[in-house]
Visitor: 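Mind looking over this structure? Questions follow.
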Amino acid sequence: MLDVKYSSIEEYRQGLSKLDMRVLQVTPGRFMCQLRELELPKVTIGDRFFSTAMHWQTAVKHDYLYIVLPTCNSGLSVNGQNTLINQPIVFSKHQEMLFRIPINYPKYYVIVMLSAEFARYYGNENIERLKNHIINPNYEKKIFPNFSCHLKSICVLIEKLLNYGNLLNYQAAIDAQETLLDLLCKLLKLDFTISKSNGDFQSRQLAIVSRALNFIHKNSVLNITIPELAKVSFCCIRTLEYSFKVVMNMTPKQYIIKRRLNLIFNALKSNSVSSIREITTTYGIVNQGRFAQDYYKFFNEYPHQTQKKLTETFILKVMRCYKLLILLK
């Protein structure tokens, strides 16, 4: 049973091994993620809560199904589409996943398992249909007609398992897993009569933003101009701006600024040797006073306070080791 709290996005990103993830904090405030996970013999279940609004860019690394069960869809966006109704959000191998999670979004649940394993319960034909659907989903349509009927039951079951997972013996875990998978098969029953609309247009916007994000995240210094970004995204500046607005709900320039703040925060948190000026200059900061104010508005602390926490943590670790050595003597 895993039950952790992450105080930075970098810690959270490193904590998820099944996803190759890029994460960005996009609203001010102290980042906090509460994450619980329980590994059953064939499936991993968990829940997530975030204190600040975030953007994810990721893809499932292996042939897993990554299933998100939102208890509320208000403000949630996936690949540039608002999820207007309560329904599961499913991702499969190598599929692009651009999430926009609003601030103080209610806790949601996740289920992760191998596609081949789930096919034994769901059926190979249904798995292929599901994969064909999730390649180009329409989140504004009710694709899963049985979702509302089974959402509460499956969320209650997951919550109980997360609360009391440490008390389960092997047989109880197997029984709970079978019940969970049975509910999941019913929940993921597809309505194949639903047609998809605007797929080509949405796919093009997503492809433009994905190319831009890949370029931004490969550039550690972030000395990027918008014309340069449009060029590597194979579009004009106007199309780039519009695609970012639709998919990311911000302009490319705003994304680069927030990406720079996140990078500096992580650098300050992990480096107590270099001066703040040295670190910020690396990322192209010229006006240190203005930067400190912007940094405080975003993280609710000044740069020197972030760096000070690293030193305090190091001192605490040294003191604990020293006390342990004294006790061993």
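Note that the structure is predicted; figures quoted are calculated from it, not measured.
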Visitor: Is it true that Tyr302 and Lys308 share a donor-acceptor pair across their side chains at a distance under 3.5 Å?
Guide: no
Visitor: Determine whether the side chains of Ser274 and Asn271 contain a donor N or O and an acceptor N or O closer than 3.5 Å.
Guide: yes
Visitor: I'd like to know if Arg129 and Glu125 make a salt bridge, using a cut-off of under 4.0 Å between side-chain N and carboxylate O.
Guide: yes
Visitor: Is there a donor-acceptor pair under 3.5 Å between the side chain of His55 and the backbone N or O of Val23?
Guide: no
Visitor: Consider only side-chain heavy atoms of I, L, V, M, F, W and Y, link residues closer than 4.5 Å, and tell whether Met32 and Met21 are in one cluster.
Guide: no
Visitor: Looking only at atom types and distance, does a side-chain atom of Gln81 sit under 3.5 Å from a main-chain N or O of Val78, one as donor and one as acceptor?
Guide: no
Visitor: Glu301 and Thr306: side-chain donor and acceptor closer than 3.5 Å?
Guide: yes
Visitor: Would you give the length of the straight line joining atom CG of Leu180 to atom CE of Met113, rounded to the nearest 0.5 angstrom?
Guide: 8.5 Å
Visitor: Between the main-chain N or O of Glu178 and the side-chain N or O of Asp182, is there a donor-acceptor pair closer than 3.5 Å?
Guide: no
Visitor: Is the NZ atom of Lys269 crowded by more than 12 outside heavy atoms at less than 6.0 Å?
Guide: yes
Visitor: Got a donor-acceptor contact below 3.5 angstrom from the Ser270 side chain to the Asn266 backbone?
Guide: yes
Visitor: Using 0.5 Å steps for rounding, measure from the CD1 atom of Ile9 to the OG1 atom of Thr52.
Guide: 5.5 Å
Visitor: Transitively linked via ILVMFWY side-chain contacts under 4.5 Å: Ile158 with Met1?
Guide: yes
Visitor: Between Phe91 and Phe99, is the ring centre distance below 6.0 Å?
Guide: yes
Visitor: Linking I/L/V/M/F/W/Y whenever any side-chain heavy atoms sit under 4.5 Å apart, do Val4 and Met54 land together?
Guide: yes
Visitor: Tell me, do Ile89 and Leu76 make a side-chain contact under 4.5 Å, heavy atoms counted?
Guide: yes
Visitor: Indicate yes or no for a side-chain donor-acceptor contact from Arg260 to the backbone of Leu222 under 3.5 Å, with no hydrogens or angles considered.
Guide: yes
Visitor: Determine, using the 4.5 Å side-chain heavy-atom cutoff (strictly less than), whether Phe49 and Tyr66 are members of one ILVMFWY cluster.
Guide: no
Visitor: At what distance, to the nearest 0.5 angstrom, does OG1 of Thr282 lie from CZ of Arg277?
Guide: 12.0 Å
Visitor: Within this structure, what is the CZ-CG distance for the pair Phe144 and Leu130, rounded to the nearest 0.5 Å?
Guide: 5.5 Å
Visitor: Walk me through whether Leu229 and Ile237 qualify under side-chain contact (heavy atoms from CB on, under 4.5 Å).
Guide: CA-CA 8 Å; Leu229 195 59; Ile237 294 175; over 6 Å; no
Visitor: Sub-3.5 Å donor-acceptor pair from the side chain of Gln177 to the main-chain atoms of Lys42, do we have one?
Guide: yes
Visitor: Check for a donor-acceptor pair, side chain of Gln25 on one end and backbone N or O of Gly29 on the other, with a separation under 3.5 Å.
Guide: yes
Visitor: Between Tyr12 and Phe31, how do the two ring planes meet: parallel, tilted or perpendicular, split at 30° and 60°?
Guide: tilted
Visitor: So, the side chain of Thr71 versus the backbone of Lys107: is there a donor-acceptor pair under 3.5 Å, distance only?
Guide: yes
Visitor: Hey, does the side chain of Asn126 reach the backbone of Ala119 with a donor-acceptor pair shorter than 3.5 angstrom?
Guide: no
Visitor: Minimum heavy-atom separation for Leu38 and Gly165, please, with both atom names.
Guide: CD2-CA, 4.0 Å
Visitor: Check the side chains of Tyr6 and Gln34 for a donor-acceptor pair under 3.5 angstrom, ignoring hydrogens and angles.
Guide: no
Visitor: Has Gln254 got a side-chain atom pairing as donor or acceptor with Ile256's backbone, closer than 3.5 angstrom?
Guide: no
Visitor: In terms of side-chain heavy atoms, does Asp175 have a donor or acceptor partner in Gln171 at a distance below 3.5 Å?
Guide: yes
Visitor: Under 4.0 Å between a side-chain nitrogen and a carboxylate oxygen: does that hold for Arg36 and Asp3?
Guide: no
Visitor: For the pair Ile264 and Ile285, evaluate side-chain contact (heavy atoms from CB on, under 4.5 Å) and give the outcome as yes or no after the intermediate values.
Guide: CA-CA 10 Å; Ile264 293 174; Ile285 301 299; 3.9 Å; yes
Visitor: Nearest 0.5 Å please: distance from the CD atom of Glu228 over to the OG atom of Ser233.
Guide: 10.0 Å
Visitor: Applying the 4.5 Å side-chain criterion to the ILVMFWY set and letting contacts propagate, would Leu2 and Phe50 be lumped into a single cluster?
Guide: yes
